[in-house]
Amino acid sequence: ATIELRDQDIQDLVPIGENPVTHLFECYHLPSAWDGTMDPRTIPIPAHEADGSIRIDDSTGIVLVLLPGGSARIGAQSTNRSGANYSALANGSHGPVRTVTIEPFFLARHELTQGQWARLSTWTSIRPRPSTYHPDLGVDESAFTLANPVESATWEECAELLRTHGLSLPSAKQWEYAARGGTQTGFWCGDDPANLLGNENVLDQSVLKVAPGMRDMHLAPYDDGHLRHTRIGSFHANPLGLLDMLGNVSEWCGDVDVQDTITVQPGEKVRTERQDARFSLGGAYSRPPDQCLPSDRFTAAARDIQRDTGLRVARAL
């Protein structure tokens with residue numbers, strides 16, 4: 001479909017162009033790349049490699065993908081192997097499977113990095129370095145950089161920071177639509193947890209080096225060498241060109257109540273009696289594959305600090 005982009009839709013954005021693999025339009029968000037001192041006109045604009053990737057370093061800003069939306073199936077089920085969104089790992093909390101309509105919107109191809117958070121928090125009262133695992137810390141043989149995802153930021157901090165810059169957290173249905181990438185398997189890369197190797201950073205055999213007692217958990221059947229979260233861009237992208245949707249860190253979402261977000265109509269506000277309840281979606285380095293499905297949801301309070309939870313930026317048209 002043709003998507004009209006008005007001036008207000010692309011303010012603060014510079015076009016990168018069409019991704020040569022996904023054929024989706026991508027833009028660069030300048031404020032997240034500005035250090036507060038340099039001439040904004042000198043900010044380098046990234047370009048696509050032949051494989052659709054973008055080179056990432058500590059100073060890279062947010063890259064937004066224009067997702068076309070449309071009709072999408074969300075939720076998962078384990079009763080009908082030939083049905084939509086089947087996964088043997090699904091349980092009652094993942095369903096029911098239903099069809100929703102998604103309007104076009106921008107979504108970041110990567111999780112928000114620690115460097116991007118620090119730059120966006122300049123001149124605000126929000127903590128510039130909330131992460132537990134940061135560049136000045138060396139634990140478990142991990143090397144953390146400003147290109148690692150930010151974590152340990154509360155939902156309230158995330159929502160306030162993004163609102164300041166005209167951005168937002170994605171809704172649950174937007175997030176799951178993006179995480180599935182047009183697929184109807186358990187993970188976007190297939191049904192077998194072994195397929196996650198090289199595609200998502202989840203809890204695998206590497207944890208046994210420091211916690212042998214976790215052997216009985218449903219760990220991924222390999223050791224990818226990543227015990228904690230790692231820098232963005234280290235794994236393969238899903239069919240929409242989005243990375244780390246099901247691993248690295250779980251991601252806060254903007255909706256308040258899980259059940260309401262599944263049935264909410266376009267433009268309708270979410271209503272819930274639990275105004276303090278917020279939740280994150282997707283897997284993380286700390287979660288085994290059976291907790292990393294696109295329909296996995298984890299509830300927390302708006303002021304909770306989660307060492308395995310970060311965020312991904314969305315922007316409405």
Side-chain angles (χ1 to χ4, degrees), residues 32 53-58 60 62-63 65 107-117 130-135 137 139-153 155 158 169-170 175-176 178-181 186-189 193-207 210 217 219-220 222-253 279-298 300 305-314:
S32 60
S53 64
I54 286 177
R55 296 182 182 179
I56 300 296
D57 59 33
D58 290 356
T60 303
I62 299 168
V63 177
V65 182
L107 187 69
R109 56 182 288 158
H110 303 105
E111 294 163 333
L112 193 72
T113 69
Q114 297 182 29
Q116 292 164 359
W117 177 283
S131 296
T132 300
Y133 303 109
H134 51 78
L137 180 70
V139 295
D140 302 327
E141 301 179 354
S142 298
F144 304 105
T145 73
L146 290 177
N148 277 57
V150 67
E151 27 79 6
S152 301
W155 186 96
C158 295
L169 294 167
W175 190 95
E176 186 173 339
R180 291 189 174 279
F187 311 106
W188 62 263
C189 49
N195 294 342
L196 293 169
L197 179 61
N199 292 316
E200 298 288 355
N201 180 17
V202 303
L203 190 64
D204 58 37
Q205 306 293 316
S206 59
V207 73
V210 297
M217 294 189 67
L219 305 176
Y222 53 79
D223 181 347
D224 66 3
H226 297 291
L227 183 59
R228 307 292 181 186
H229 58 66
T230 188
R231 61 186 294 121
I232 63 172
S234 298
F235 290 78
H236 296 141
N238 77 3
L240 295 178
L242 308 171
L243 294 89
D244 300 317
M245 293 294 298
L246 303 180
N248 225 19
V249 292
S250 185
E251 300 171 13
W252 287 115
C253 284
F279 61 97
S280 59
L281 298 185
Y285 67 84
S286 60
R287 294 174 180 162
D290 60 355
Q291 298 178 23
C292 297
L293 296 174
S295 49
D296 267 310
R297 305 174 177 95
F298 304 89
I305 291 176
Q306 309 282 340
R307 292 184 296 178
D308 61 357
T309 301
L311 69 152
R312 186 178 303 261
V313 170

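Quick note: residue numbers are just sequence positions, from 1.
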Flag side-chain contact, heavy atom, 4.5 Å: Val202 against Pro288: no

Option passing side-chain contact (heavy atoms from CB on, under 4.5 Å) with Trp117 (candidates Ser131, Cys158, Pro149): Cys158

Can you tell me how far the CD1 atom of Ile232 sits from the CG atom of Leu243, to the nearest 0.5 Å? 8.0 Å

Salt bridge Glu111-Arg231, side-chain N to carboxylate O under 4.0 Å: no

Quick one: side chain to side chain contact (heavy atoms under 4.5 Å, CB included) partners of Asp57, sequence neighbours excluded? Ser59, Thr60

Say whether Trp188 and Glu200, considering side chains only, have a donor N or O and an acceptor N or O under 3.5 Å apart. yes

Roughly how far, to the nearest 0.5 Å, is OH of Tyr285 from OG of Ser250? 10.5 Å

Show your reasoning for whether side-chain contact (heavy atoms from CB on, under 4.5 Å) applies to Leu169 and Leu311. CA-CA 7 Å; Leu169 294 167; Leu311 69 152; 3.9 Å; yes

The single option from Asp308, Thr132, Asn148, Asn201 that satisfies side-chain hydrogen bond (donor to acceptor under 3.5 Å, both in side chains) with His229 is Asn148

For Glu251, which residues count as a side-chain hydrogen bond (donor to acceptor under 3.5 Å, both in side chains) partner, sequence neighbours excluded? Trp175, Arg312

Counting N and O atoms only, with roles assigned by atom type, does the side chain of Asn248 sit under 3.5 Å from a partner on the main chain of Asp244, one being a donor and the other an acceptor? no

Does any part of the side chain of Asp58, heavy atoms only, come nearer than 4.5 Å to the side chain of Thr145, both counted from C-beta? yes

So, Phe144 versus Tyr133, ring centres under 6.0 angstrom or not? yes

Would you compute the distance between atom CZ of Arg287 and atom CG of Leu219 and round it to the nearest 0.5 angstrom? 15.0 Å

Tell me every residue that passes ring-ring contact (aromatic ring centres under 6.0 Å, His included) with Phe235, counting only those two or more places apart in sequence or in another chain. His226

Strictly distance-based, threshold 3.5 Å: is any side-chain N or O of Gln306 a donor or acceptor partner for the main-chain N or O of Glu151? no

Hey, are the side chains of Leu281 and Asp296 touching, using non-hydrogen atoms and a 4.5 Å cut-off? no

Can you measure from CG (Asp204) to CG (Asp224) and round to the nearest 0.5 angstrom? 4.0 Å

Arg297 vs Ser280, test: side chain to side chain donor-acceptor pair (under 3.5 Å). Steps then yes/no. CA-CA 6 Å; Arg297 305 174 177 95; Ser280 59; over 6 Å; no

pair Trp252-Trp155: side-chain heavy atoms closer than 4.5 Å: yes

